[in-house]
Number of protein chains: 2
Amino acid sequence: MASVTTDTDVADDDIRPMRADARRNYDKLIAAAREVFTERGSEGSLDEIAKRAGVGPGTLYRHFPTRDDLLDALMRDWTERVVADAEAAVSADISPRKTLEQWFTAYIGHVTLHRGAAVKLSAAMDDESSPMYRKCQTLISANEHVLDDLAGSGALRSGVEARQVMRLISGVATFADSTGIGEDEVTPMLDIVIDGILK
Amino acid sequence: MASVTTDTDVADDDIRPMRADARRNYDKLIAAAREVFTERGSEGSLDEIAKRAGVGPGTLYRHFPTRDDLLDALMRDWTERVVADAEAAVSADISPRKTLEQWFTAYIGHVTLHRGAAVKLSAAMDDESSPMYRKCQTLISANEHVLDDLAGSGALRSGVEARQVMRLISGVATFADSTGIGEDEVTPMLDIVIDGILK
DNA sequence: ACCTGAACACCGTTCAAGT
DNA sequence: ACCTGAACACCGTTCAAGT
């Protein structure tokens, strides 16, 4: 849980020194994983990933002890993009409804990295032991940021909690993910939720 | 797609004659599947199911060519219960909000047969080739029944479509399924959706 | 008509042997 | 410190041989 390598509480994903060949394999594995997960979803074969990266299966396990560690590593620059999109929705000078539509759509986009990702991330939101738990925390903050802003301008129905909204949108994302419906089919679902959120 | 055994369009799940040993194995397989799926979720081992039923793997495949066929068979008396619960919600003399709460809770209960079932059923809703497609149709009708009744008494916001509501609740169910949150955590999510549905 | 179980392919995971 | 690949266990799926 706590970092063992340092005494200060720095981020886990800083660049630790790595032997040149290790670094190369690490990068090749991530690239291969991105490919395979995109094609086959988050249950894509780890064997296949190692094969495409041109390394032995053991190398994959050395770098990523579990499948979720690999998925987590895939999301390196993910948090920045999430934060940026939340900020964009807040600072755009548009109606509360439009703000939520924009943010939720971005949210769903981020969470449906590839088939099966949405369920995994939903589960990770409530599971501290998941490697992706930290990333989900950023998503939670970003969502709170957007809702707090709307609350500030008095647009929110009383009693609406960010956590519940988050779970609802995750549910929508998971549904979209597993059925393969597109953005045009998602918007009507979001509209109902938004009606439930706004005054 | 169409039934080949009869010329009239009867239900698929009528009792066809079966040799005594076949019937016995069929029943044992269903019982074993119920066990394993409950313990391990819908991806539980088919091998394990055959083993617990005390039959060879080939026998399982003879009765249930795909995993989804097995899941479908597990839901034999499922539709009746769904229809009954929808009817109960409609005919109970309670507020529109309570009606929806009751129906949605029942809905989610039915759809979360065991871990992983909710996603499968969500996907089946939009996939005609799924063995569970027919069962989902009943769920769709039941849901329309409840919403139509509320529309009749003018309680619904204009523009609310049963299909969208259905998808939202399926999303909630899937989320609940994958995170393991209980009914008390689900209700606040439902409340927001209900605010979006009712006038 | 139905059942059995051996057989095959594929995958996750580990670990001894190498550099 | 890192990599390789053989090895093992487990699972899905098929099919020839049986009754």
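Quick caveat, the model's predicted, so the values are computed rather than measured. Lettering of chains follows the sequences in order, A, B, ..., and the numbering in each one begins at 1.
Residues from residues 60-75 of chain B placing a heavy atom under 4.0 Å of any atom in DNA chain D, listed by number, are B:Y61, B:R67.
Checked against the 6.0 Å centroid threshold, B:F175 and A:F175 do not count as a close aromatic pair.
Note: A:H145 NE2 to A:D149 CG = 6.5 Å, rounded to the nearest 0.5 Å. Atom CZ in B:F64 sits 11.0 Å away from atom CG in B:L46 (nearest 0.5 Å).
Among residue pairs with one or both ends in residues 44-53 of chain A, those qualifying as side chain to side chain donor-acceptor pair (under 3.5 Å) are A:E35-A:R52, A:E39-A:R52, A:E48-A:R52; sequence neighbours excluded. The side chain to side chain donor-acceptor pair (under 3.5 Å) analysis of residues 114-124 of chain B, with sequence neighbours excluded, yields the pairs B:D68-B:K120. The stretch residues 171-191 of chain A participates, sequence neighbours left out, in these side chain to side chain donor-acceptor pair (under 3.5 Å) pairs: A:E185-B:R167.
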Next item on the list: Begin from the C-alpha positions of A:D195 and A:R97 and carry the test salt bridge (Lys or Arg N to Asp or Glu O under 4.0 Å) through to its verdict.
Entry: CA-CA 9 Å; A:D195 281 329; A:R97 172 169 295 268; 2.5 Å; yes

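Looking at heavy-atom distances under 4.0 Å, B:S45 makes contact with sugar-phosphate atoms alone, never a base.
A salt bridge links A:D126 to A:R163: at least one charged side-chain nitrogen sits closer than 4.0 Å to a carboxylate oxygen. Between B:D85 and B:R81, none of the side-chain N atoms (NZ, or NE/NH1/NH2) sits under 4.0 Å from a carboxylate O, so this pair counts as no salt bridge.
Stem regions annotated for DNA chain D: C:4-8 with D:12-16, C:12-16 with D:4-8, counting only runs of 3 or more consecutive pairs of Watson-Crick or G-U type with both contacts under 3.5 Å.
Positionally, the nearest nucleotide of DNA chain C for B:R19 lies more toward the 5' end than for the other of A:E48 and B:R19. Each of A:G54 and B:L46 has a nearest nucleotide on DNA chain D; the 5'-most of these lies closest to A:G54.
Contact footprint of chain A on DNA chain C: nucleotides with an atom under 4.0 Å from a non-hydrogen protein atom, first to last in 5' to 3' order, C:dC11 to C:dC15.
For B:N143 (side chain) and B:A162 (main-chain N/O), a donor-acceptor pair under 3.5 Å exists by modelled atom type.
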